[in-house]
Student: 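Structure provided below as structure tokens; questions to follow.
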There are 2 protein chains.
Amino acid sequence: MPGMVKLGQMERERMSEKRTRRGGEGRIGIRDVARDAGVSVATVSRTLAGDGYPVSDEARRKVLESVKKLNFVPNDLARGLTQSRTNTVGVIVPNLVNLYYARVVIGVEEIAAQNGISIIFCNTNHNIAKREQDINLLLQKRVDGIIICGSGTDYESGSGRLANGNAPFVVLGRNERLDYPSVHADNFRAGYRATQHLVDLGHRQFLFLGGPEKWPDGSDRIAGFKACLAENDIEFQQDMLLFGDFAEENAYQRVLHLGRNFPATAVLAGNDRIALGGMAAVVDLGLRIPDDVAFVGFDNIATSHYLRPSLTTMDMPARLIGAEGMRVLLRIIAGETVASRTVFEADLLVRQSSGGTRLQA
Amino acid sequence: MPGMVKLGQMERERMSEKRTRRGGEGRIGIRDVARDAGVSVATVSRTLAGDGYPVSDEARRKVLESVKKLNFVPNDLARGLTQSRTNTVGVIVPNLVNLYYARVVIGVEEIAAQNGISIIFCNTNHNIAKREQDINLLLQKRVDGIIICGSGTDYESGSGRLANGNAPFVVLGRNERLDYPSVHADNFRAGYRATQHLVDLGHRQFLFLGGPEKWPDGSDRIAGFKACLAENDIEFQQDMLLFGDFAEENAYQRVLHLGRNFPATAVLAGNDRIALGGMAAVVDLGLRIPDDVAFVGFDNIATSHYLRPSLTTMDMPARLIGAEGMRVLLRIIAGETVASRTVFEADLLVRQSSGGTRLQA
DNA sequence: TTGTAAGCGTTATCAC
DNA sequence: GTGATAACGCTTACAA
């Protein structure tokens, strides 16, 4: 009876090969290393784990040799599955074209790399739906934690997975709620100091070229701006404030619209990109910087130092924020308690666009 | 005998709970969903997989209901383990502060997101050792493929994992070898055209402010530059060529060093960041752009349009390269054959820094 | 110090 | 259409 014979063959194959799914030649695994080194899989695992577990030098040597010989690459998926830890965190960024966020990411990556953890990167393009989707993906991938860049609102909305405690997370940027940890700059003080700098230079007619209206970081800067005006007995007028988006072009158009008969002698821009667009427009209107109009920005992106005139700006410590955010996340993952809020000060960098030395001269 | 009683209890617990390792309340899995929905795990899996496998509407409904009710989040680690596919690719970038790479990454991310695949991001800071390490990490994470940004050399060096075929990969940038797929711009032609533009404007005294000496993209641009000079009977002199790094400051210093008695009327910069630094130095030397010195850059980073004078530059299609790179990688993963090389043309954007309209006026 | 074997949470195979 | 159950490749009790 051929049927029975065949069954017997299959049985024997199964016994010896212990592989049913993939024909025979699967990727090389820990078992292969163990066999080659003449030790058990446990010993291989322990050797490679590198924690303090005792392994004889002899065994270790043989294992390492086989690993190299067979070109063994451990499978982190299987590792993650058993350890319920992936050494991976997700980073969600609104927009990488903004050098500010690029710097934040670099800070994050730096600390992550130092701690042997990888980064899954998501770009949302300021799209809240994409962000929800990204969070889902990250949770499915069982990241150890998530870093959300950009001040935004209601992370608990929609899926609510984060606020539900499904994964530890840190917000990099100002946010309204206090019940999850965040790292950001003191935007209020930054706004205040930038304004004070211009006031000290004798300016009375201001324009704040803002970003989006509901942008917490920006709102704080504006609040600082207003507070400083009040402090100096300068009345705030609604038309001193123009909202827009984050990009150069929009700022350029807004400023061009104001025309040569410019309503202010000093412009504060919501960030450096906005400043860049605004300055270009001012130049194109035939006005001089800083003589006719002074500019101050926020962020200190790499290019602002090399503009001519160079851009006076608040040096928002993006990289530092990214790095600290990652450190905080690591602490949370380790089970430590962390400050619900970490705030960094921003330095004022006086450069040509504000003519910072005009009065002193 | 209390000992035996205790043992009996444990046994029973094990039988009912079927969980030995983690006390009891593990994360909710597909089994829990199956139980709650009153179907088998197979049915749950099939429902969630969403491929064409037949599942009765009734079962599907119950499953979906339980999924939502229990807030089930599938575990991609386990998925990846059985499917030997992770829907994740690694992206290795030399430096995110360079907006060029930021744009490339955005292009990659865009196509990736459209295809439901995630990106593990690595920043090497132009450090070759870090890159090797990153590749190791990515292979351990069993990414479906790897995208390496930045033209560099010998990816097969060191570990040799990539060239060994351990994972499909695509290089985004020019490289010497032809035996793996790459996507990049036609840097030679870009260099040629940029130069021709300046020649057409009447320039004869050139300076090429290059990046690092062994930077394939840059070398090609320089080759195009030289070819164009030859074509126009302008003799190339070694001192027309200055190497450096990718950043603004270095370029600034190099140009400042040349002094007011500037050796050229036209400068080609290896990229826009270099141009930015160079232009700042020229201005600081008291020279006018473009009247005394004309500038042309490469990349068309966002800021170059808003400089005053704005920067004439070759519009290297970074985003497009990123997007196409991702598409190529997806094709490789799908088992299709792909072109070993995909090359994009760059457009010349004439702006103020070259005084592009000077002759026509 | 070492080995054995039971998971980890899925998918895929095979039988019904 | 549906359900058991054996992989997937590793870690980690537990036993030796």
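Residue numbers begin at 1 in each chain, while the letters A, B, ... track the order of the sequences.
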Student: Toward the 5' end of DNA chain C, which comes first, Pro54(A) or Leu77(B), by nearest nucleotide?
Tutor: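 So the residue in question is Pro54(A).
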
Student: Whole Å only: how far is the CD atom of Glu58(A) from the P atom of dG3(C)?
Tutor: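 In whole Å, dG3(C) P lies 12 Å from Glu58(A) CD.
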
Student: Tell me, which of residues 42-53 of chain A have any heavy atom that sits under 4.0 Å from an atom in DNA chain D?
Tutor: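 Those residues whose heavy atoms fall under 4.0 Å from DNA chain D, taken from residues 42-53 of chain A in numerical order, are Ala42(A), Ser45(A), Arg46(A).
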
Student: According to ring-ring contact (aromatic ring centres under 6.0 Å, His included), does anything in residues 41-73 of chain A pair up with another residue at least two apart or in another chain? List the pairs.
Tutor: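 Passing the test, one end in residues 41-73 of chain A: no pairs.
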
Student: Rounded to the Å, how far apart are Arg35(A) CZ and dT4(C) P?
Tutor: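 Spelled out: CZ on Arg35(A) to P on dT4(C) is 13 Å.
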
Student: Using a heavy-atom cut-off of 4.0 Å across all strands, would you classify Val41(B) as base, sugar-phosphate, or nothing?
Tutor: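 Base contact.
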
Student: Could you measure the distance from the CD atom of Glu65(B) to the CG atom of Leu70(B)? Nearest 0.5 Å is fine.
Tutor: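 Reported to 0.5 Å precision, the distance equals 10.0 Å.
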
Student: Within the distance-only criterion (no hydrogens, no angle test), does the side chain of Asp144(B) pair as donor or acceptor with the backbone N or O of Val89(B) below 3.5 angstrom?
Tutor: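 No, the answer is negative, given that no donor and acceptor are paired below the 3.5 Å cut-off.
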
Student: Asn75(A) has an atom CG; how far is it from atom P of dT11(D), in whole Å?
Tutor: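 About 10 Å, once rounded to whole Å.
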
Student: Can you measure Leu139(B) atom CG to dG9(D) atom P for me and round it to whole angstrom units?
Tutor: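 Checked: the CG to P distance equals 16 Å.
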
Student: With sequence neighbours left out, write down each residue that passes side-chain hydrogen bond (donor to acceptor under 3.5 Å, both in side chains) with Gln140(A), or none if nothing qualifies.
Tutor: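 If we apply the side-chain hydrogen bond (donor to acceptor under 3.5 Å, both in side chains) test to Gln140(A), skipping adjacent residues, the hits are Asp76(B).
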
Student: So for the helix from dT1(C)-dA16(D) to dC16(C)-dG1(D), with five pairs setting each end axis, what is the inter-axis angle to 10°?
Tutor: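 For the helix from dT1(C)-dA16(D) to dC16(C)-dG1(D), the axes at opposite ends meet at about 40°.
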
Student: Send over the distance from Phe72(A) CZ to dG9(D) C1', rounded to a whole Å.
Tutor: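 So the two atoms are 8 Å apart, to the nearest Å.
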
Student: To the nearest 0.5 Å, tell me how far Lys69(B) NZ sits from Leu64(B) CG.
Tutor: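 Answer for the NZ-CG pair, Lys69(B) versus Leu64(B), is 13.5 Å.
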
Student: Please confirm whether the shortest side-chain N or O distance from Ser56(B) to OP1 or OP2 of dT2(D) is below 4.0 Å.
Tutor: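 Yes, because at least one side-chain N or O of Ser56(B) sits under 4.0 Å from OP1 or OP2 of dT2(D).
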
Student: If I take atom CG in residue Asp76(A) and atom C1' in nucleotide dC8(C), what distance separates them, rounded to the nearest angstrom?
Tutor: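 So the two atoms are 15 Å apart, to the nearest Å.
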
Student: In whole Å, I'd like the distance from the NZ atom of Lys141(A) to the C1' atom of dT10(C).
Tutor: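 Value for this atom pair: 14 Å.
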
Student: Enumerate, atom names and distances included, each donor-acceptor pair closer than 3.5 Å involving a side-chain atom of residues 324-339 of chain B, sequence neighbours excluded.
Tutor:
unit_1	atom_1	unit_2	atom_2	d
Glu324(B)	OE1	Arg327(B)	NH1	3.1

Student: Let me know, please, whether Leu81(B) or Ser40(B) comes out on the 5' side of the other along DNA chain D by nearest nucleotide.
Tutor: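 The residue whose closest nucleotide sits nearer the 5' end is Ser40(B).
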
Student: Indicate every side-chain donor-acceptor pair of residues 118-126 of chain A with a distance under 3.5 Å to a residue at least two apart or in another chain.
Tutor:
unit_1	atom_1	unit_2	atom_2	d
Ser118(A)	OG	Lys141(B)	NZ	3.4
Thr124(A)	OG1	Val93(A)	O	3.4
Thr124(A)	OG1	His126(A)	N	3.2

Student: Say whether, by atom type as modelled, one donor and one acceptor occur between the side chain of Asn115(A) and the main chain of Ile117(A) under 3.5 angstrom.
Tutor: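 No: the side chain of Asn115(A) does not pair with the backbone of Ile117(A).
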
Student: Out of Leu139(A), Ile92(A), Ile146(A), which residue meets the side-chain contact (heavy atoms from CB on, under 4.5 Å) rule with Asp134(A)?
Tutor: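 With Asp134(A) as partner, side-chain contact (heavy atoms from CB on, under 4.5 Å) holds for just one option, Ile92(A).
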
Student: For the side chain of Ala78(B), starting at C-beta, report the closest nucleotide among dG9(D), dT10(C), dT2(C).
Tutor: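 Nearest listed nucleotide: dT10(C).
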
Student: Consider the side chain of Thr82(B), meaning its heavy atoms from C-beta on, and name the nucleotide among dT11(D), dG3(C), dG9(C) that approaches it most closely.
Tutor: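 From the listed options, dG9(C) comes nearest.
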
Student: Can you tell me how far OG1 of Thr88(A) sits from CZ of Arg142(A), rounded to the nearest 0.5 angstrom?
Tutor: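 The distance works out to 13.0 Å.
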
Student: For dC10(D), does either OP1 or OP2 sit under 4.0 Å from a side-chain N or O belonging to Arg79(A)?
Tutor: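 So the side-chain polar atoms of Arg79(A) never come under 4.0 Å of the phosphate oxygens OP1 or OP2 of dC10(D).
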
Student: Measure from CD1 on Ile30(B) to P on dA12(C) and round the result to the nearest Å.
Tutor: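 Value for this atom pair: 11 Å.
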
